[in-house]
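For reference, the structure discussed in these notes is given below.
The figures that follow rest on heavy atoms only: side chains count, while hydrogens, waters and symmetry mates do not.
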Amino acid sequence: MMNSLQDWPEPIVRVQSLSESGLPMIPDRYVKPLSDRPSSNRPENGDANIPIIDLTGLTDDETELSRSTMDRISSACRDWGFFQVVNHGVSPGLMDQARETWRSFFHLPMEIKQAYANSPKTYEGYGSRLGIEKGAILDWSDYYYLHYLPLTLKDYNKWPGSPDYCREVIDEYGKELVKLGGRIMKVLSINLGLNDSHLQNAFGGENIGACVRVNFYPKCPQPDLTLGLSSHSDPGGLTILLPDHEVPGLQVRKDGRWLTVKPARHAFIVNIGDQIQVIFL
């Protein structure tokens, strides 16, 4: 079975290369069915936005959030499954550096990026499709995927070596996000009336898993026909997303309609994943 996952079922085409070629129409492979396409007829969401929550007082050692803040997190998880966090303890400078480092990687010459091309075996590295179904309708995006934890899966050979400082930035950013994830899971555990380490332990304790995925969405000549990333729920326990505040595009589904998230400056978007739901079913 594993041998059948060594290679992609057809040649990989980089979406960025398609975009930069100047083609006037997207290939049929990227045209979504009518039911899945973006719609200009959907009602505007006006001032609607996912909750923005201030985490001042939440550290690795202490949880000094007010009862009202804890209640807002509980409500956001229950009603939305999403919220934004500010004053979360991760340096704004590191957030900007991480974003710009990956932006620099995706603008490197193709031959450099191709050295990190991934395969279906682990999906680690530079990719342009998910799934091995031949002839599948594809998303208009490229990405980079890495295992960060546990340490037994951490393989620096899969990490990009360019730009020169890339690996150091990824490592430092990863450390800070793992800490933040632990702090958020502590709050979720407390809100559920459990020991504050319950969720951390449920996901492996000291051997918790963590991965990094970076999505790159090249300019599209027919954005009304495709999506950068198809609608989905996240399969993990917790997703902490660093958005590009200059290019909003993430949508979440609420009360039967899709709402475009308005990223706050130097905020993270937190998404409760499928595994947390499974744990408490």
Pair K175-V178, side-chain contact (heavy atoms from CB on, under 4.5 Å): steps then yes or no
CA-CA 5 Å; K175 289 177 184 176; V178 168; 6.0 Å; no
Tell me whether E111 at atom CD has more than 12 heavy atoms from other residues, nucleotides or ligands lying less than 6.0 Å away.
yes
NZ/K254: more than 12 non-hydrogen atoms of other groups inside 6.0 Å:
yes
Give the C-alpha distance, both sets of side-chain angles, the deciding distance and a yes or no for side-chain contact (heavy atoms from CB on, under 4.5 Å) between D96 and H266.
CA-CA 8 Å; D96 292 340; H266 290 131; 3.0 Å; yes
Looking at Y143, does the NZ or CZ of R213 lie under 6.0 angstrom from its six-membered ring centre and within 45 degrees of the ring axis?
yes
Measure the acute angle between the ring planes of F105 and Y126, then classify it against the limits of 30° and 60° as parallel, tilted or perpendicular.
perpendicular
Within-4.5 Å side-chain heavy-atom neighbours: F268 and L242
yes
Side-chain contact, heavy-atom cut-off 4.5 Å: N118 with W8?
yes
Please examine the side chains of V15 and Y30, heavy atoms only from C-beta on, and report whether any two atoms are closer than 4.5 Å.
yes
Ignoring hydrogens and angles, tell me if any N or O in the side chain of Q200 forms a donor-acceptor pair with the backbone of G205 under 3.5 Å.
yes
So does D224 have more than 12 non-hydrogen atoms from other groups sitting under 6.0 Å from CG?
yes
Please assess Q114 against R14 for the test side-chain contact (heavy atoms from CB on, under 4.5 Å), listing each intermediate value before the final yes or no.
CA-CA 10 Å; Q114 279 295 107; R14 301 303 179 191; 2.7 Å; yes
Parallel under 30°, tilted from 30 to 60°, perpendicular over 60°: which one fits the rings of Y144 and W102?
tilted
Between R67 and D71, is there a salt bridge with N-O shorter than 4.0 Å?
yes
Taking side-chain contact (heavy atoms from CB on, under 4.5 Å) as the test, write out the residues that go with I52, two or more places apart.
N49, Q84, V86, A264
Should K113 and D142 count as an ion pair when the cut-off is N to O under 4.0 Å?
no
Pair T56-D54, side-chain donor/acceptor within less than 3.5 Å
yes
Would you mind reporting whether Q222 and M25 have side-chain heavy atoms less than 4.5 Å apart?
yes
Given the rule that I, L, V, M, F, W and Y join up when any side-chain heavy atoms are under 4.5 Å apart, are L18 and I12 in one cluster?
no
Between I170 and W159, is a side-chain contact (heavy atoms from CB on, under 4.5 Å) present by the stated rule, with each step listed?
CA-CA 9 Å; I170 296 170; W159 295 34; 3.4 Å; yes
Is any side-chain heavy atom of E176 less than 4.5 Å from a side-chain heavy atom of L94?
yes
Will you find, in the side chains of S233 and D274, an N or O donor that is under 3.5 Å from an N or O acceptor?
yes
Flag side-chain contact, heavy atom, 4.5 Å: L188 against L238:
yes
Can you check whether T69's main-chain N or O pairs, donor with acceptor, with S66's side chain at less than 3.5 Å?
yes
Taking K154 first and then D171, would you say they form a salt bridge - that is, a charged N and a carboxylate O separated by under 4.0 Å?
yes
